[in-house]
Amino acid sequence: MKIDELYAILRRRGVLWPTAEIYGGTQGLYDYGPLGAELKRRIEEAWRAWFVGLSEDYYWIDPAEIVPEAVVRASGHLENFTDPEVTCAKCQKSFRADTVLEAARPDGVDGLSPAQIGELLVSAHARCPNCGSTELSVPRPFNMMFAVSLGVGDGERAYLRPETAQSSYLAFARMWEVGRKALPLGIAVIGRAYRNEIAPRQLLFRMRAFTQAELQIFFDPASFPVPLDSVATLDLPVVRAGPRLAGNETAVLTSVADLVSHGGLPEFYAYHLAHTYRFYREVLGIPADRIRLWEKSNEERAFYNRIQFDVEVRLDSLGGFKEIGAVHYRGDYDLTRHGAGSGKDLSIAKPDGSGRLVPHVLELTFGPDRALWALADVELATDGERTLWRLPSPLAPFTVGVFPLIRKLHTEFARSLASTLVNEGIRVDLDTAGTIGKRYARADEAGTPYCVTVDGTTVDPASPDHGTVTLRERDSKAQRRVRPEELVAVLRVAQHPLRPPPVERPAPAVPAPE
RNA sequence: GCGGGUAUAGUGUAGUUUGGUUAUCACAUAGGCUUGCCAAGCCUAUAACUCGGGUUCAAAUCCCGGUGCCCGCACCA
């Protein structure tokens, strides 16, 4: 589906819309409506159940979104992105404008505005440090962080966090105590991060306020045991950097065992990459042919990332594969920086007493906003007859639509059934408006996996089927009559979130019936 | 941020070339009728010229500017 068409459906149904829409909207900011907010919450909850469920050593925390300036100074966000930047038109690399100018004109470049630097770059015939071209862009200020002020007046300078990962690094020292001083230690954060994008585009893919779900795993690189056997035979669609830079971008199905034995990936990395892939397949329900694991080369990665695979999903609305998440091996960069910045020793004693160690970090990062769009792109379709959103049932905003067949006669019973189901913890959408066909159509469009209809038989005290309802399945439109107990059981199963077994073992032998 | 395109009810549109009635139609939404299980039908209602300025007796229509969106380039630590 094209992006406009899809966005129109999502807006009309109240999934999402531009922030401050009545003022014409604001670039890069979006609000989620009832369906969108619920769906996003379900995605986040599914992510949490899956990844925090990977190990009892992985914890979920909820830190503040504002961090003091010292934090982003230590992380490098402040230093690297406050100064004006120029881009080389020839090799398309970007540099800090003042350093480029300094190379061409060693005397005094401090305190100049971006415009003044721009003029001097031209008059000094400054050259690109990479390729030597003089075709440099006009410098532009480039700080992607939102500054805020704490307290009265100018107060203390602070920033909206540019990534949730920083919150986990800040929490490491405390969590080291809370987690009873053991590695590996996983710290998961789900929350908003803020970047002042120069040009937000593509809706949920380039936002100024967006949600990240990230698991930072702190570990000893000499010892990070994982149950690799549980995923060893799983084939992953990988695009390695080597072949890719040589011109071959085809994803190659490679087993996890192969990635370790021949592919050069550490076991802990391959294991978590495998479970990341499983999450997209099994929880989000993305078809295999739409997913690829795209390895970033040395040049493409941030310098502190040692290994990086992006998880990309092919989206028709955005014209190709788009990154939804990634797995980064960040080494000891983060704790080293914050150790230096805070003056706190973030190293720990090695268990074998052989000295101290700054824990390494494996980062599993995921964008719930992007995932929500991906679910709409991949699973929402119009077939001429109806619009159908094939959301996996645990993610659907509503698990069941409850309808009266004839409004005047059956609404009362439908209401009481709906309230019974809500008390059972089921997510219910009671719809009494319009005709029965329209209600089914609305439910299909919202991705509601089941609908039940209250009819004459249901409300007839004399009927042996009193209290039963017709249960209709979204994808097949198939119907059958069920009793209330069975209905609750079916709906409970449907909305139960998936989580991976911490360690997969062979199923115990079960004697065949008879 | 640069260049190009574009903007009419919730959605999709007619009307703009050549200024001139109460701004067209469909779907959607809400209510009514219909004893009725997949957007049926009939009746009724709600609902729009992106914003600001200008030209003109008169502007959805012409001119200028702003904003949003789309495409390309750049950016995406």
Side-chain angles (χ1 to χ4, degrees), chain A residues 2-5 7-14 17-29 72 75-89 92-94 96 114 135-145 162-163 165-166 193 195-203 205-208 210 300-305 310 317-319 322-323 328 367 382 384-388 401 403-410 432-445 451-459 469-474 476-481:
Chain A
K2 288 186 310 200
I3 185 166
D4 291 345
E5 193 184 349
Y7 186 33
I9 292 174
L10 297 179
R11 264 193 328 245
R12 178 165 53 76
R13 286 308 307 259
W17 55 78
T19 294
E21 190 177 15
I22 60 171
Y23 285 95
T26 306
Q27 277 195 72
L29 298 174
V72 289
S75 69
H77 291 100
L78 190 61
E79 169 194 5
N80 289 338
F81 306 105
T82 304
D83 294 300
E85 183 200 62
V86 291
T87 303
C88 172
Q92 300 187 345
K93 292 203 175 300
S94 294
R96 281 174 56 171
E135 297 173 46
L136 297 170
S137 73
V138 175
R140 53 186 167 266
F142 194 67
N143 185 347
M144 302 189 75
M145 289 192 297
E163 57 179 16
Q166 294 305 320
R195 298 178 190 177
N196 196 2
E197 296 281 357
I198 296 170
R201 289 242 177 126
Q202 300 199 306
L203 299 160
F205 275 72
R206 287 284 293 282
M207 294 200 289
R208 289 189 164 128
F210 60 103
E300 293 164 332
R301 295 194 302 266
F303 69 91
Y304 46 77
N305 275 338
D310 287 348
S317 63
L318 298 177
K322 304 297 285 186
E323 179 198 343
H328 302 147
T382 303
E385 185 194 350
R386 60 175 181 157
T387 302
L388 180 62
F403 313 145
L405 181 59
I406 301 172
R407 179 152 44 156
K408 270 195 248 172
L409 303 180
H410 308 137
T432 64
T435 63
I436 188 70
K438 288 195 180 189
R439 294 177 208 141
Y440 285 140
R442 279 195 289 259
D444 288 341
E445 203 173 63
C451 296
V452 298
T453 297
V454 171
D455 59 17
T457 305
T458 314
V459 302
V469 291
T470 56
L471 174 67
R472 180 253 199 194
E473 201 268 330
R474 179 191 64 199
S476 64
K477 303 206 287 192
Q479 276 185 329
R480 64 195 177 92
R481 187 164 278 274

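So that the names make sense, note that chain A is the first sequence line, chain B the second, and so on, each numbered from 1. These values consider heavy atoms only, across backbone and side chains, with no hydrogens, waters or symmetry-generated copies.
- Applying the 4.0 Å criterion to OP1 and OP2 of B/rC37, one finds that A/K477 has every side-chain N and O outside that range.
- Straight-line distance from the CD1 atom of A/I406 to the C1' atom of B/rC33: 14 Å, rounded to whole Å.
- Close to B/rG36, at under 4.0 Å from its OP1 or OP2, lies no side-chain N or O of A/K408.
- When rounded to the nearest whole Å, the span between CZ of A/R472 and P of B/rC37 equals 14 Å.
- The base of B/rC38 has none of its N or O atoms less than 3.5 Å from a complementary donor or acceptor on the side chain of A/R386.
- Of the nucleotides present, none pairs with B/rC49 by Watson-Crick or G-U wobble criteria with both distances under 3.5 Å.
- The partner of B/rA14 is absent, by the rule that a Watson-Crick or G-U pair needs both atom distances under 3.5 Å.
- For A/R195, the side-chain atoms get nearest to B/rC76 when compared with the rest of B/rA30, B/rC76, B/rU35.
- In this structure, A/L203 places its CG atom 9 Å from P of B/rC71, rounding to the nearest Å.
- At whole-Å resolution of the value, CZ in A/R11 and C1' in B/rC70 are 13 Å apart.
- Using Watson-Crick or G-U wobble geometry with both donor-acceptor distances under 3.5 Å, B/rC57 finds its partner in B/rG20.
- Between the side chain of A/R13 and the backbone N or O of A/R442 there is at least one donor-acceptor pair closer than 3.5 Å.
- For the C1' atoms, the distance linking B/rU6 with B/rG12 amounts to 16 Å, nearest Å.
- Contact annotation: A/T435 side-chain N/O to B/rA40 OP1/OP2 distance is under 4.0 Å.
- Using a 4.0 Å cut-off, no side-chain N or O of A/R481 falls inside it from OP1 or OP2 of B/rC37.
- Of all nucleotides present, none satisfies the Watson-Crick or G-U wobble test against B/rC38 with each distance under 3.5 Å.
- As rounded to the nearest Å, B/rG52 and B/rU61 have P atoms that lie 13 Å from one another.
- Atom CD in A/Q202 sits roughly 15 Å away from atom P in B/rC75 (whole-Å rounding).
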- Check against side-chain hydrogen bond (donor to acceptor under 3.5 Å, both in side chains), A/T453 and A/Y440: CA-CA 10 Å; A/T453 297; A/Y440 285 140; 2.8 Å; yes
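- Base pairing annotation: B/rC76 forms no Watson-Crick or G-U wobble pair, as no partner gives both donor-acceptor distances under 3.5 Å.
- Nucleotides B/rU16 and B/rC62, compared at atom P, are 10 Å apart to the nearest Å.
- Taking 4.0 angstrom as the limit, A/Q479 places none of its side-chain polar atoms (N or O) nearer than this to OP1 or OP2 of B/rC38.
- Comparing the same atom, C1', in B/rC63 and in B/rC2 gives a spacing of 25 Å after rounding to whole Å.
- Distance from the side chain of A/I3 is smallest for B/rC70 among the nucleotides B/rU29, B/rC70, B/rU11.
- Taking atom P in both B/rG5 and B/rA9, the straight-line distance is 22 Å, to the nearest Å.
- The phosphate of B/rG32 (OP1 or OP2) has a side-chain N or O of A/R407 nearer than 4.0 angstrom.
- For the side chain to side chain donor-acceptor pair (under 3.5 Å) criterion with A/D444, the lone passing option out of A/R386, A/R474, A/R439 is A/R386.
- Under 3.5 Å, the side chain of A/R439 and the base of B/rC37 form no donor-acceptor pair of N or O atoms.
- With a cut-off of 3.5 Å on both Watson-Crick or G-U wobble distances, the partner of B/rA9 is given as none.
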